[in-house]
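When reading the values below, keep in mind they use all heavy atoms of this one structure, side chains included, and skip hydrogens, waters and symmetry mates.
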Amino acid sequence: MDVTLHLAQDPAADALLGRSPLAALVGMLLDQQIPMEWAFKGPETIARRMNADDLDAHDIAARDPEAFAALLSEKPAVHRYPGSMAKRVQTLCQYLVEHYDGDAEAVWQGVDTGAALLKRLEDLPGFGKQKAQIFLALLGKQLGVHPTGWREAAGAYGEEKSYRSVADITGPESLAKVRAHKQELKAAAKAAKAAKSGK
């Protein structure tokens, strides 16, 4: 895996995401309740603070939880909730060590169907259906992972030129389109809520 991603909008962070399957998974895990660029910059920040040029699932899994939480909490913090996200990152790495010998890429290598891959992603700690579908779409659209039926398994996120998620971001222009789509969804949800409470 060695591609150029543009999710962190930061050259060093994006380079790591493009070459490191674990960094991409951790970025996706962190992508909640904070801006996307902040989330996907997280893996590079963690690696740098660990004095490494990549993330290592065995290393992270074995670290003292309090020390690892402190590492993510250093300013600038890796996430708005660094303590709870440190626990989630460690839990993910422990799962990868237990089930895939610490090799994140093994989660999707050699999987024949999109449905089977979606199931594997949904089994990862911290990955619900939506997160799993978005990551599956990212694998298919930008990382060359194309098991049979991957677009269908990714749902709406697998559609071509849909600009719904990180899977569609290849630069500033597509980032703006995805942001606009998310704002439309928020506005629609707000309007629906207002209409409901106004009855």
Side-chain angles (χ1 to χ4, degrees), residues 1-32 36-63 68 71-72 78-79 85-86 88-148 150-151 153-154 157-158 165-170:
M1 182 171 132
D2 194 6
V3 298
T4 303
L5 293 177
H6 300 277
L7 305 179
Q9 305 286 303
D10 172 277
D14 280 328
L16 179 61
L17 294 170
R19 72 172 186 268
S20 167
L22 180 56
L25 265 184
V26 169
M28 189 75 231
L29 180 69
L30 294 171
D31 187 20
Q32 58 191 58
M36 179 205 76
E37 299 96 316
W38 185 5
F40 282 96
K41 197 172 177 179
E44 195 265 339
T45 304
I46 295 168
R48 195 167 11 91
R49 290 177 184 175
M50 290 170 67
N51 298 312
D53 58 6
D54 194 359
L55 299 181
D56 180 313
H58 290 275
D59 183 358
I60 293 171
R63 289 204 170 217
F68 189 63
L71 189 97
L72 269 69
V78 168
H79 195 277
M85 292 315 285
R88 285 183 177 209
V89 170
Q90 274 199 298
T91 302
L92 173 65
C93 288
Q94 287 158 356
Y95 181 91
L96 291 171
V97 167
E98 190 181 331
H99 296 270
Y100 297 100
D101 195 28
D103 180 6
E105 197 169 14
V107 174
W108 54 86
Q109 268 182 337
V111 182
D112 294 333
T113 68
L117 178 49
L118 180 64
K119 171 78 173 74
R120 280 189 174 194
L121 291 169
E122 285 181 313
D123 286 345
L124 296 174
F127 278 67
K129 183 171 185 182
Q130 184 184 32
K131 200 177 275 288
Q133 284 188 313
I134 291 171
F135 194 77
L136 175 51
L138 178 65
L139 287 171
K141 289 179 175 182
Q142 297 198 48
L143 299 173
V145 178
H146 300 137
T148 306
W150 71 268
R151 283 190 189 276
Y157 301 107
S165 72
V166 298
D168 303 297
I169 295 170
T170 54

- Message: Restricting to non-hydrogen atoms, name the atom on Gln9 and the atom on Ile169 that form the minimum distance, rounded to 0.1 Å.
- Response: NE2-CG2, 4.3 Å
- Interatomic distance, Leu139 atom CG to Ile134 atom CD1 [nearest 0.5 angstrom]: 12.5 Å
- Ignoring hydrogens and angles, tell me if any N or O in the side chain of His79 forms a donor-acceptor pair with the backbone of Gln32 under 3.5 Å. yes
- Message: Taking Thr170's backbone N and O only, do any of them form a donor-acceptor pair with Gln142's side chain (distance below 3.5 Å, no angle check)?
- Response: no
- Message: Return the OG1 to CZ distance between Thr45 and Arg48, rounded to the nearest 0.5 Å.
- Response: 5.0 Å
- Item | Atom of Phe40, atom of Asp31 and distance for their closest heavy-atom approach | CE1-OD2, 3.7 Å
- Are the side chain of Glu37 and the backbone N or O of Leu7 linked by a donor-acceptor pair below 3.5 Å? no
- Return the minimal non-hydrogen interatomic distance between Leu121 and Ala132, and the atom names on each side. CD1-O, 3.6 Å
- Message: Would you say NZ of Lys41 has more than 12 non-hydrogen atoms from neighbouring residues, nucleotides or ligands within 6.0 angstrom?
- Response: no
- Heavy-atom closest pair, residues Ala23 and Leu16: CB-CG, 3.8 Å
- Query: Which distance, rounded to the nearest 0.5 Å, do you find between the CG of Leu92 and the CG of Leu29?
  - Reply: 5.5 Å
- Query: Among all residues two or more places apart in sequence or in another chain, which pass the salt bridge (charged side-chain N to carboxylate O under 4.0 Å, His left out) test with Asp123?
  - Reply: Lys119
- Partner of Val78 under side-chain contact (heavy atoms from CB on, under 4.5 Å), chosen from Val89, Leu30, Leu71: Leu30
- Query: By side chain to side chain donor-acceptor pair (under 3.5 Å), which residues pair with Asp56, not counting sequence neighbours?
  - Reply: none
- Starting from the C-alpha separation in whole Å, work towards a yes-or-no answer on side-chain contact (heavy atoms from CB on, under 4.5 Å) for Leu96 and Val107. CA-CA 8 Å; Leu96 291 171; Val107 174; 3.7 Å; yes
- Nearest heavy-atom contact between Arg120 and Gln109 is NH1-O, 4.2 Å
- Query: Are a donor atom and an acceptor atom from the side chains of Gln130 and Tyr157 found within less than 3.5 Å of each other?
  - Reply: yes
- Note on the structure: Nearest heavy-atom contact between Leu72 and Ala86 is CD2-CA, 3.6 Å
- Message: Between Gln94 and Ile60, is the side-chain contact (heavy atoms from CB on, under 4.5 Å) condition met? List the steps.
- Response: CA-CA 8 Å; Gln94 287 158 356; Ile60 293 171; over 6 Å; no
